[in-house]
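Reading through the structure tokens given below for one structure.
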Amino acid sequence: MPRTLDPTPASDTRRAIARDAAGVGVAVGLYAVSFGVLAVAAGASTAQAMAMSLLVFTGASQFAFIGVISGGGGAAAALAPALVLAARNAVYGLSVAPLLRGSLGGRLLRAQLVIDESTAMARAQDTPEDARFAFLATGVSVFVCWNAGTLIGALAGSGLGDPRDLGLDAMFPAAFLALLSPQLRRPGAPRVAVTGAAIACVLITLTPAGIPIVAAVLALLPAARVTWRDRGRPAAAVRA
């Protein structure tokens with residue numbers, strides 16, 4: 001029986017992934033400028049803003065922390081919502097754990113790249129090799145651009161203004177939604193997405209920042225229950 005050749009060479013796939021990863025990095029880097037500006041405006045030094053971007057490296061948590069500080073809250077009060085938002089990365093870690101192979105030191109370094117964008121890019125690929133490449137390419141691109149944007153914003157200070165006034169903050173969620181869209185082709189994914197969005201919308205006015213995002217994970221429970229129920233059943237029975 002003749003073999004069916006893949007019409008898309010691996011090199012073309014990798015170039016497309018690298019191009020997308022670079023685009024995501026640039027979009028996130030532009031948004032990072034606003035973090036640098038806001039961090040300095042909240043009283044942080046350039047070194048402190050950079051340390052947060054280098055070590056914490058999760059934008060939502062960083063903005064939550066700075067938002068509480070700028071509103072007059074203390075470090076302990078600012079830490080709580082930041083940790084809640086960062087909790088989602090633990091879920092991402094379970095998803096991309098097979099990609100973090102190698103020595104302990106190498107796995108720890110790659111674990112720093114477990115973020116929204118790198119996870120979404122990895123999950124959108126068809127093969128483990130492409131997923132691993134997408135994870136690393138996107139993680140490195142976002143890490144470099146996020147820290148470069150933070151430095152630019154921190155150095156420019158309030159003289160640059162808030163990039164959100166220019167609409168640049170819309171680039172980050174738009175890029176993330178574009179990365180997530182391939183996942184909606186998976187069985188049950190649209191139902192999970194709608195349920196998660198509904199949970200977040202209900203809680204957004206009732207709970208502190210960060211809780212709706214984490215609670216939206218509950219939308220996975222019905223899907224997991226169906227998947228577990230269908231395990232071991234004949235394929236024809238599952239389709240029926």
Side-chain angles (χ1 to χ4, degrees), residues 17 20-21 24-25 28 54-65 79-143 146 172-173 175-200 203 207-232 238:
I17 292 173
D20 292 343
V24 171
V28 173
L54 286 166
L55 301 176
V56 178
F57 187 48
T58 171
S61 296
Q62 292 177 228
F63 275 107
F65 186 89
L79 189 60
L83 289 176
V84 169
L85 287 169
R88 72 191 191 283
N89 286 4
V91 180
Y92 297 158
L94 296 176
S95 176
V96 300
L99 308 180
L100 306 179
R101 300 187 306 185
S103 65
L104 176 60
R107 293 200 303 271
L108 290 175
L109 287 174
R110 289 189 288 275
Q112 179 71 351
L113 303 179
V114 178
I115 53 174
D116 305 88
E117 297 83 4
S118 61
T119 302
M121 278 284 282
R123 295 289 296 170
Q125 308 310 314
D126 296 326
T127 67
E129 293 77 15
D130 287 344
R132 188 172 297 107
F133 179 78
F135 171 81
L136 291 174
T138 307
V140 170
S141 175
V142 173
F143 185 84
W146 178 262
F172 171 64
F176 187 51
L177 287 174
L179 292 175
L180 285 178
S181 58
Q183 301 299 312
L184 295 177
R185 295 195 295 266
R186 297 177 180 270
R191 181 172 61 251
V192 172
V194 171
T195 304
I199 292 173
L203 295 179
T207 61
I211 296 297
I213 297 175
V214 176
V217 177
L218 295 174
L220 292 172
L221 295 180
R225 182 173 179 272
V226 171
T227 301
W228 181 263
R229 183 193 62 196
D230 292 339
R231 289 184 63 183
V238 173

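In this chain, numbering begins with 1 at the start of the sequence shown.
A donor-acceptor contact shorter than 3.5 Å is absent between the side chain of S141 and the backbone of A137.
Under the ring-ring contact (aromatic ring centres under 6.0 Å, His included) criterion, F133 pairs with no residue, sequence neighbours left out. Considering only residues two or more places apart in sequence or on other chains, D130 meets the side-chain hydrogen bond (donor to acceptor under 3.5 Å, both in side chains) condition with R14, T127.
Of all the heavy atoms in R132 and P98, the pair that sits closest is NH2-O, 3.8 Å. Of all non-hydrogen atoms in R107 and L100, the two that sit nearest each other are CD-O, 2.6 Å. F143 and L113 get closest at one heavy-atom pair: CB-CD2, 4.2 Å. Across every non-hydrogen atom of L54 and Q112, the tightest pair is O-NE2, 3.0 Å. Taking all atoms of both residues into account, the shortest heavy-atom contact from M121 to A134 is O-CB, 3.8 Å. Smallest separation of non-hydrogen atoms from V114 and N89: O-ND2, 3.5 Å.
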Handout entry: Worked verdict on W146 versus Q62 for side-chain contact (heavy atoms from CB on, under 4.5 Å)
Key = CA-CA 12 Å; W146 178 262; Q62 292 177 228; 3.4 Å; yes

task: Walk me through it: do V142 and F57 pass the test side-chain contact (heavy atoms from CB on, under 4.5 Å)?
output: CA-CA 9 Å; V142 173; F57 187 48; 3.9 Å; yes

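In this structure, CD1 on I17 lies 11.0 Å from CG on L136, to the nearest 0.5 angstrom. Atom OG1 of T138 is separated from atom CG of D116 by 12.0 Å, given to the nearest 0.5 angstrom. Here L99 contributes atom CG and R123 contributes atom CZ; the two are 9.0 Å apart, rounded to the nearest 0.5 Å.
With a 4.5 Å cut-off on side-chain heavy atoms, I115 and Y92 do not count as touching.
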